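The structure under discussion appears below in the form of structure tokens.
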Amino acid sequence: GLSITIRRLAITMPLLAAFVVALGAYTRLKDAGLGCPDWPGCYGFLTVPEHIDDVKIAQARFPNSPVEADKGWPEMIHRYFASTLGLLILAMAAMAIKHRKKPEQQVKLPIFLVLLVCFQGALGMWTVTMLLKPFIVTLHLLGGMLTLALLFWTTITHYLNTKPQNNNLGIFASASLKRWALFALIVVYIQIALGGWTSTNYVALYCTDLPTCQGQWLPPTNFEEGFTLWHKDHTDDKNYEGGVLSLEAGTAVHITHRIGALITLLVVGGFALKLLLLGTPARRYGTLLGIVLATQISLGLLNIILVLPIPIAVAHNAVAAILLLSLILITRILKTEHTLRPATQVEKLDSGIQTA
């Protein structure tokens, strides 16, 4: 039936979105972002040209972009899966509009997701046409993470709406705990943005020692250049693959990402500890958050120690998404709980009379 279809979509789409985010990270880290110099095809083909005649046609069309199948395929596979996700989001929105009169049906969020995925498609195109401009590539990453987060939020909401008996999860939902959850969520998203900026500017290895950077606690930095979002001094045909920042600017970006990691550790780690101290069932969420956070910090350290191996770097991106989703889950569950507040004097008096 329709409810089964919606339930399957609700489960499938966040998984597919997570896979698309991981594929995007792999494509970026493999330096395959320009594996196809055009969009949405590849050298004018629907697949990567490999036959000798097709390669000749491709080279004639794009003489300045030699055909490299090992870079073209990651880019095209990423596009295939992203397009599939876009079609599923469109289908979900169509079903939401059709059944908008049902009280449990979400409508605004599915429609917003259609607009978001259209913008993501445009960013994907500009990533290629603007030759990996860091601001565009970082926006593309953040858009992917936001799409994943909202799809997951939709899934949890659908589950809570269709199974209301599971709404009461017994978490002590104080107003301060809700604020902490939201703050932790914002901190993680900002840290993902900093990670994206570090990656798209190719400065992940500008500091190869720990805990110092280039053998110093405070190496020379240029924050103004490092965080210039739009480089106006470069020509329109400037290729940003490999990065264009000076050593001082790249160092500033890298150090900022490290400081962000420390802030994330304190904020999210403190929140996980708070959940652990609340006892069951909050403890399970605190444990989940603690494990994911520890894994993410470890992967970040391994990236530096092992000089950015692709599997570890992709895992670092994937676990960042898992950390974001863990906080989305906790925030959504807390939203279903009634905020506990201190009893008023009248309520205390009334309670005392009833007890007596």
Side-chain angles (χ1 to χ4, degrees), residues 21 23-39 42 62-68 70-72 74-75 78-79 119-120 122-145 190-209 213-216 218-261 300 303-304 307-310 312-314 316-317 320:
V21 166
L23 270 176
Y26 176 76
T27 303
R28 187 172 65 254
L29 290 160
K30 196 171 169 59
D31 295 331
L34 295 178
C36 297
D38 51 337
W39 189 95
C42 192
F62 298 91
N64 296 323
S65 301
V67 177
E68 295 179 77
D70 63 324
K71 290 188 176 182
E75 173 64 13
H78 175 60
R79 292 181 192 180
F119 183 56
Q120 269 296 88
L123 287 171
M125 176 184 69
W126 294 330
T127 293
V128 176
T129 58
M130 294 188 183
L131 304 176
L132 304 182
K133 205 173 187 72
F135 181 67
I136 297 296
V137 182
T138 303
L139 267 187
H140 194 43
L141 165 70
L142 290 176
M145 287 290 189
I190 291 171
Q191 178 63 358
I192 288 171
L194 283 172
W197 192 243
T198 301
S199 178
T200 57
N201 280 289
Y202 300 86
V203 298
L205 295 177
Y206 273 42
C207 301
T208 54
D209 49 323
C213 175
Q214 299 162 17
Q216 304 173 65
L218 291 171
T221 52
N222 185 338
F223 285 91
E224 185 179 355
E225 183 195 344
F227 289 94
T228 297
L229 300 182
W230 199 268
H231 297 276
K232 294 179 181 178
D233 55 330
H234 294 124
T235 58
D236 291 338
D237 60 348
K238 175 68 179 178
N239 190 328
Y240 292 86
E241 191 169 34
V244 298
L245 295 182
S246 66
L247 177 61
E248 292 79 10
T251 303
V253 172
H254 186 108
I255 287 175
T256 304
H257 185 49
R258 283 193 183 186
I259 293 169
N303 271 329
I304 295 170
V307 197
L308 204 67
I310 286 182
I312 300 293
V314 172
H316 192 50
N317 279 263

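The basis for the numbers below is simple: all heavy atoms, side chains too, and nothing from hydrogens, waters or symmetry mates. Computed from a predicted structure; not experimentally measured. Throughout, numbering of the chain's residues begins at 1 and tracks the sequence.
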>> Applying ring pair (Phe, Tyr, Trp, His ring centres under 6.0 Å), can you list everything that pairs with Phe119, at least two apart in sequence or on another chain?
In response: none
>> Let's go through Trp126 and Leu123 carefully: what are the C-alpha distance in whole Å and the side-chain angles of both, what is the deciding distance for side chain to side chain contact (heavy atoms under 4.5 Å, CB included) to 0.1 Å, and is it a yes or a no?
In response: CA-CA 5 Å; Trp126 294 330; Leu123 287 171; 3.8 Å; yes
>> Could you check whether atom CG of Leu229 has more than 12 heavy atoms from other residues, nucleotides or ligands sitting under 6.0 Å from it?
In response: yes
> Can you tell me if Thr251 uses its side chain to pair, donor with acceptor, with the backbone of Leu247 under 3.5 Å?
Replying inline: yes
>> So which atom in Cys207 and which in Ile255 form the shortest heavy-atom distance, rounded to 0.1 Å?
In response: SG-CG1, 4.4 Å
>> One pair to check against side chain to side chain contact (heavy atoms under 4.5 Å, CB included): Thr208 and Val307. What are the steps and the verdict?
In response: CA-CA 7 Å; Thr208 54; Val307 197; 5.6 Å; no
> Within the distance-only criterion (no hydrogens, no angle test), does the side chain of Glu225 pair as donor or acceptor with the backbone N or O of Ser246 below 3.5 angstrom?
Replying inline: yes
>> Checking Arg28 against Thr200 for the side-chain hydrogen bond (donor to acceptor under 3.5 Å, both in side chains) test, could you report, in this order, the C-alpha distance in whole Å, the side-chain angles of both residues, the deciding distance, and whether it holds?
In response: CA-CA 8 Å; Arg28 187 172 65 254; Thr200 57; over 6 Å; no
> Any donor-acceptor pair under 3.5 Å linking the side chain of His254 with the backbone of Val203?
Replying inline: yes
> Is the side chain of Asp209 donor-acceptor paired with the backbone N or O of Gln214 at a distance under 3.5 Å, no angle test?
Replying inline: yes
> Looking only at heavy atoms, what is the nearest atom pair of Tyr202 and Leu132, with distance?
Replying inline: OH-CD1, 3.7 Å
>> Can you give me the closest heavy-atom contact between Ile192 and Leu141, atom names plus distance?
In response: O-CD2, 4.1 Å
> Which residues pass the salt bridge (Lys or Arg N to Asp or Glu O under 4.0 Å) test with Arg258, sequence neighbours left out?
Replying inline: none
>> Has Glu75 got a side-chain atom pairing as donor or acceptor with Thr27's backbone, closer than 3.5 angstrom?
In response: no
> Which value, rounded to the nearest 0.5 Å, describes the distance between Ser199 atom OG and His316 atom NE2?
Replying inline: 9.5 Å
>> For a quick test of reading the model, state the closest non-hydrogen atom pair linking Leu194 to Gly260 and the distance between them.
In response: CD1-CA, 4.5 Å
> Is the cationic atom of Lys133 (NZ for Lys, CZ for Arg) positioned less than 6.0 Å from the six-membered ring centroid of Trp230 and within 45 degrees of its normal?
Replying inline: yes
> How far apart are the closest heavy atoms of Asn201 and Pro134, and which atoms are they?
Replying inline: OD1-CG, 3.4 Å
>> Using side chain to side chain contact (heavy atoms under 4.5 Å, CB included), reason through Asn239 and Glu241 one step at a time and then give a plain yes or no.
In response: CA-CA 6 Å; Asn239 190 328; Glu241 191 169 34; 3.2 Å; yes
> Any idea which heavy atoms bring Pro309 and Asn303 closest together, and the distance?
Replying inline: O-OD1, 4.2 Å
>> Students often mix this up, so state it plainly: with edges at 30° and 60°, are the rings of Phe227 and Trp197 parallel, tilted or perpendicular?
In response: parallel
>> If you apply the rule side chain to side chain contact (heavy atoms under 4.5 Å, CB included), what do you find for Asn317 with Tyr26, and how did you get there?
In response: CA-CA 9 Å; Asn317 279 263; Tyr26 176 76; over 6 Å; no
> How about Arg79 and Trp39: do any of their side-chain heavy atoms sit closer than 4.5 Å?
Replying inline: yes
Under 3.5 Å, which donor-acceptor pairs link side chains of residues 30-37 to any protein atom two or more places apart or in another chain?
none

